[in-house]
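Have a look at the structure below before the remarks.
Values below: all heavy atoms of this structure, side chains included; hydrogens, waters and symmetry mates excluded.
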Amino acid sequence: MTSTINTRIAYIFTVAAVLFLCGCTKDDTPPVSEEERIALKAKKFVYDYTSEAYLWRSHINPSIDYKSAASPQDLFEMMRYRELDKWSYVSDNSQQEMEGFQGVSTTFGYSLAFGTFTNMPDVYFAVVMFVYDGSPAQQAGLERGDIILTLDGSTLSKGNYTQLYYASKVNIGLGEYTEEGIRETGETVSLTAVKMYEDPVVTSKVLDVNGVKVGYLFYAGFYEESHGKLVEVFTDFQAEGVKELILDLRYNPGGNANTPPYLASLFAPRNVVKERKVFLTQTWNDLYMKYFTQKGEDMNTYFVPGIPVNLNLSRVFVLTTGNTASASEATISGLMPYMDVVKIGDSTYGKYCGAALLTPMDSNGNKDSEISNWLLSLVVYKFVNVEGFTEFKDGIAPDCTVEDSGLLRGIPLGDGQDPMVAAALSMIGGTKAGAPAADRLPEGIRMMPELGIRPFKGGYNITGLDKVNNK
């Protein structure tokens, strides 16, 4: 989960006043070439920030010598606490990473789930979970449930599946799901990636259950840029008389740390929002917690009382899978003490911490132009709700387990025939929820949710280290 520098949730420590975190101190090293000097500077940036702000700084081997590391990435891998940290990383393309933080990327405009066959574990297939409005995928006619079996004429596999996200052009061969299994159709589609904003407010609608108006929202990523669209959706819900809400986060990997309390404030109990109750609390490493305590810093994030609309609900139905991560999990966690959060689907991903998106600064607190292409996405805190709930390493368990089997059948998001949506609607209608046997995934197929969260997408993040916050 990522959050921008915001006086409400970020903690500004100016480079001059606090900072442990300069990252560009003088170096007593022998003369080196210009290329070596720049490389050394980039490694020192990674070493200084990680040594100080990393949530697991106590686990860093003190004997590590940053100067001898082959690259900034190699250095960070030496410092990363691999037992728990699956999320921090170093990039030499800061512009691309920061744009992704705002929902902008060079993309085909689809989100994919991956699976394999139990009798052919080396052969993969991909299923289109949804497409973004106006994307190349949508323009090519791809829809939820479409199956991809080949890539540029080759069988999809561990060695090439990421090209479905990162190649500039692809030619994909499609398949279809039948009672006998998945088979090729012979149809091919060519896609060329474009740079675009992927609007995370993908689908919203109002359903009717025995006269009760139910709002449905499929939300694909937590971006501050989507706040205005969210207000529009919930204003429409309010005008339609919505009394129940299905919040579909089944494929949402996270995003900006400012957005979970904003989204939650649109529908949480009015008194909770109006009284600006604590949403989550941040716990940093010992060094920073000591500093924050001395300075009397407020480590809490809060509901947003000035929100333009509020549905004042007492419960919400949240649809979850193993792709529900970080900021999505923060939303669930922050709401649980204040309303009935009914979780339907599968256990969430299990990312209970936030990161800072850090770029190199010089001794004057300005961006260091010599190494400005480098970015460190560093886990700097874990989030805790007011009941002390945190460190859910195995994810947040569902209240009602339902497989996402509607995906292979191509059932549209928000459709009452989708097993996960149907489970919520049955609870709202007062009947027992549950997925019938026909809605189970077929034998011989194994889905791989661990491949569903696109690398470098999502999280629970903040920008800046002069104000470290979460990701």
Side-chain angles (χ1 to χ4, degrees), residues 108 110-131 137 141-165 170 172-189 218 220 248-253 319-325 344-350 394-395 397-398 400-415 417-423 433-455:
F108 299 119
Y110 50 37
S111 188
L112 304 174
F114 293 91
T116 188
F117 306 94
T118 54
N119 62 340
M120 295 184 294
D122 295 330
V123 176
Y124 288 9
F125 64 89
V127 188
V128 176
M129 299 190 293
F130 64 93
V131 298
L142 291 179
E143 298 178 337
R144 173 173 168 79
D146 284 342
I147 298 172
I148 300 171
L149 292 178
T150 64
L151 172 63
D152 298 329
S154 299
T155 301
L156 205 60
S157 67
K158 181 178 181 180
N160 65 5
Y161 82 94
T162 58
Q163 293 304 302
L164 289 173
Y165 280 128
V170 293
I172 56 177
L174 301 183
E176 64 179 356
Y177 171 66
T178 69
E179 291 184 2
E180 290 74 35
I182 295 175
R183 65 177 182 86
E184 292 188 47
T185 64
E187 182 182 358
T188 61
V189 173
F218 176 83
D248 195 339
L249 301 178
R250 72 178 90 177
Y251 310 134
N252 190 318
L319 309 187
T320 65
T321 68
N323 292 331
T324 304
I344 297 172
D346 202 352
S347 293
T348 62
Y349 179 73
D394 297 322
C400 175
T401 300
V402 180
E403 288 192 86
D404 187 23
S405 56
L407 172 60
L408 281 172
R409 293 158 55 196
I411 298 176
L413 292 167
D415 191 292
Q417 296 302 307
D418 176 84
M420 296 176 75
V421 174
D439 285 327
R440 305 300 183 193
L441 290 172
E443 292 184 8
I445 287 176
R446 182 178 72 84
M447 300 306 293
M448 299 183 289
E450 66 274 13
L451 304 184
I453 295 183
R454 177 176 167 186

Is there a side-chain contact between [X] and [Y] (heavy atoms, below 4.5 Å)?
X      : Y      : answer
Asp152 : Gln163 : no
Asp122 : Ser157 : no
Leu156 : Thr150 : no
Val128 : Leu112 : yes
Leu149 : Thr185 : no

Compare every heavy atom of [Y] with every heavy atom of [X], then report the nearest pair and how far apart it is.
X      : Y      : answer
Thr116 : Pro121 : OG1-O, 3.1 Å
Phe130 : Ala220 : CZ-CB, 3.6 Å
Ala126 : Leu164 : CB-CD1, 4.0 Å
Met129 : Asn323 : SD-ND2, 4.0 Å
Ala325 : Tyr349 : CB-CB, 3.5 Å
Pro398 : Gly345 : CG-O, 3.7 Å

Check your understanding: Do side-chain atoms of Thr324 reach the backbone of Leu249 as a donor and acceptor pair under 3.5 angstrom?
Key ->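 Side chain of Thr324 to backbone of Leu249: a pair is present.
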Review point. Got a donor-acceptor contact below 3.5 angstrom from the Asp415 side chain to the Val421 backbone?
Key: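 Side chain of Asp415 to backbone of Val421: no pair is present.
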Practice item. Kindly assign one of parallel, tilted or perpendicular to the pair Tyr165 and Tyr110, based on the angle between their ring planes and the thresholds 30° and 60°. Key: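 Perpendicular: the ring planes of Tyr165 and Tyr110 meet at over 60°.
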[atom2] on [Y] to [atom1] on [X], rounded to 0.5 Å:
X      : Y      : atom1 : atom2 : value
Leu408 : Phe125 : CG    : CZ    : 6.0 Å
Ile445 : Phe117 : CD1   : CZ    : 6.0 Å
Ile172 : Glu187 : CD1   : CD    : 9.0 Å
Arg446 : Thr118 : CZ    : OG1   : 9.5 Å
Ile182 : Leu174 : CD1   : CG    : 12.0 Å
Leu151 : Asn160 : CG    : CG    : 5.0 Å

Practice item. Report the residues that fulfil side-chain hydrogen bond (donor to acceptor under 3.5 Å, both in side chains) with Thr320, sequence neighbours left out, ordered by chain and then residue number. Key: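 Here no residue qualifies.
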Check your understanding: Does one side chain, of Tyr251 or Asp404, offer a donor that lies under 3.5 Å from an acceptor on the other?
Key ->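 Distance-only check passes for Tyr251 and Asp404.
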Practice item. Would you check, one step at a time, whether the test side-chain contact (heavy atoms from CB on, under 4.5 Å) holds for Val131 with Asp146? Key: CA-CA 11 Å; Val131 298; Asp146 284 342; over 6 Å; no
Check your understanding: Picking from Lys158, Met448, Met447, what satisfies side-chain contact (heavy atoms from CB on, under 4.5 Å) with Phe114?
Key ->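 One option only clears the test, and that one is Met448.
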Check your understanding: For Asp418, what residues pass the salt bridge (charged side-chain N to carboxylate O under 4.0 Å, His left out) criterion, not counting sequence neighbours?
Key ->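 Salt bridge (charged side-chain N to carboxylate O under 4.0 Å, His left out) list for Asp418, sorted by chain: Arg144, Arg250.
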Point to revise | Test ring-ring contact (aromatic ring centres under 6.0 Å, His included) applied to Tyr124 - qualifying residues, sequence neighbours left out | key: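 Partners of Tyr124 under the ring-ring contact (aromatic ring centres under 6.0 Å, His included) test: Tyr161.
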Practice item. Mark yes when over 12 heavy atoms from residues, nucleotides or ligands other than Asn119 sit less than 6.0 Å from its CG; otherwise mark no. Key: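 Yes, enclosed.
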